[in-house]
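Taking it in order: structure first as structure tokens, then the write-up.
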There are 2 protein chains.
Amino acid sequence: MSSSSWIDRAHALLAADGRKRGGARTAVLELLGGESCALTAVEIEDALRAQSSRAVSRASVYRILDQLECLGLVQRVETGQAMVRYERVHEHDEHHHHLVCDGCGLVMPFSDAGLERAIRSISERVPLSVSEHEIVLHGACPDCRDVEGEHHT
Amino acid sequence: MSSSSWIDRAHALLAADGRKRGGARTAVLELLGGESCALTAVEIEDALRAQSSRAVSRASVYRILDQLECLGLVQRVETGQAMVRYERVHEHDEHHHHLVCDGCGLVMPFSDAGLERAIRSISERVPLSVSEHEIVLHGACPDCRDVEGEHHT
DNA sequence: ATAAGAACGAGACTTAGTCTTATCATGGCT
DNA sequence: AGCCATGATAAGACTAAGTCTCGTTCTTAT
């Protein structure tokens, strides 16, 4: 199962970075390991409080996410929803991007080789050493499109 | 000059939408018309206050930007800098995207036909009617890259 | 000129995210 | 085992972007 291997890799990288173990970080890792798509810091805080597994304070959530981002274990995703989302990054995993429904806020992943190619080529021609990219396409999901058309029910 | 034609078009569309003229909106239009790249709401507020041309309250800035966005006159740009940027949209103008320096916050525009092609093709294959896209590549500008390497001055 | 309604300003309010400080846990060391 | 240095955590004050409300002022059609 790839999620537990991600957790293992995370623990290993953290140890290599000279970090000690702690209950809060372990809880966050386990939550992220079991999620395939992007969560906000607030969602993480709430989920942990609700799961009765272990509550983690807001400051810890942000600190832990920062550490994980520095180690390349999670990635920030800007969905234009006024808050940052985070999701785990797999080593070999194909890079994926996101579709956001502006109606209901639904976020879903997609990936495309042509897009990656285009971006790689741009990165070489531009006056900026590009470190990462994250593409978000906005639109309406099937449900929300239907609702829009229902001005006659 | 294309900026004044954008202002004219804006006034025309607003009138067609049944809106009356007002000093605050005119001031915002003139500022945006003279800017080629994206500004934040706060930058707009500050610029207008500083320019002695005409101060515009925060609520008005946001209200006006919303109206302009609805009419397709401005576009939101998510740069991942914890605040939204807005820039004017030209009818025929080729679509442009942005490079953001994570070191100093510099934002600069770029455009690429291959990228547009890739996105158009994705839009057709995805379970979401894509309405808009805005791509932001992150990295380090030449200045900031140099600074990073200067751990020995 | 007047009235209807749009535009505006002031400031209270909300909330994502940051920062501070005190307390707690961990693991090395004697 | 007991102590101590250091990193991890909790609680909540704080910052700032963005929203909301409501009373006032300005536009424009008649």
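Just so you know, these numbers use all the heavy atoms, side chains as well, and skip hydrogens, waters and symmetry mates. Labels below follow one simple rule: chain letters A, B, ... track the order of the sequence lines, proteins then strands, and each chain is numbered from 1. Predicted, not measured: the structure shown is a model, and the values here were computed from it.
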Need one value for A:A24: base, sugar-phosphate or nothing, where a base atom within 4.0 Å counts as base even if backbone is also close, heavy atoms only. sugar-phosphate

Roughly, in whole Å, what's the span from CG in A:D17 to P in D:dG7? 11 Å

Answer yes or no: is there a donor N or O on one side and an acceptor on the other, between the side chain of A:E43 and the main chain of A:T40, under 3.5 Å? yes

Nearest to side-chain heavy atoms of B:V56, which nucleotide of C:dG9, C:dG17, D:dA10: C:dG9

Nearest-nucleotide check on DNA chain D, B:M83 vs B:K20; residue mapping nearer the 5' end is B:M83

Do A:H98 and A:E78 pair up side chain to side chain, a donor and an acceptor below 3.5 Å, judged on atom types alone? no

Please classify the nucleic acid contact of A:G18 as base, sugar-phosphate, or nothing, using heavy-atom distances under 4.0 Å. nothing

Could you tell me how far apart B:D46 (CG) and D:dG18 (P) are, to the nearest whole angstrom? 12 Å

Length of the line joining A:Q81:CD and C:dA16:C1', which is rounded to integer Å: 13 Å

Given atom CD1 of B:I44 and atom P of D:dG18, what is their separation to the nearest angstrom? 10 Å

Out of D:dA8, D:dG18, D:dA11, which nucleotide sits closest to the side chain of A:Q67? D:dA8

With rounding to the nearest 0.5 angstrom, report the CG to CZ distance, B:L14 to B:R25. 4.5 Å

Test side chain to side chain contact (heavy atoms under 4.5 Å, CB included) applied to A:Y86 and A:Q75, step by step: CA-CA 6 Å; A:Y86 295 85; A:Q75 176 191 19; over 6 Å; no

Just call it for A:R19: base, sugar-phosphate, or nothing, with non-hydrogen atoms closer than 4.0 Å on any strand. sugar-phosphate

Starting at atom CZ of A:R25, determine the distance to atom C1' of D:dA10, rounded to an integer number of angstrom. 16 Å

Is the phosphate of C:dG9, meaning OP1 or OP2, less than 4.0 Å from a side-chain N or O of B:R54? yes

Separation of atom OH in A:Y62 from atom P in C:dT20, rounded to whole Å: 17 Å

In whole angstrom, give the distance that lies between atom CG of A:L65 and atom P of C:dT18. 10 Å

Plane angle bin for A:H97 and A:F110 - parallel if under 30°, tilted between 30 and 60°, otherwise perpendicular: tilted

By nearest nucleotide on DNA chain D, pick out whichever of A:R58 and B:Y86 is the more 5' one. A:R58

Could you give the CD-to-P distance, from B:E45 to C:dG9, as a whole number of Å? 10 Å

Nearest-nucleotide check on DNA chain C, A:R63 vs A:V42; residue mapping nearer the 5' end is A:V42

A:S60 vs D:dA10: side-chain N/O to OP1/OP2 distance below 4.0 Å: yes

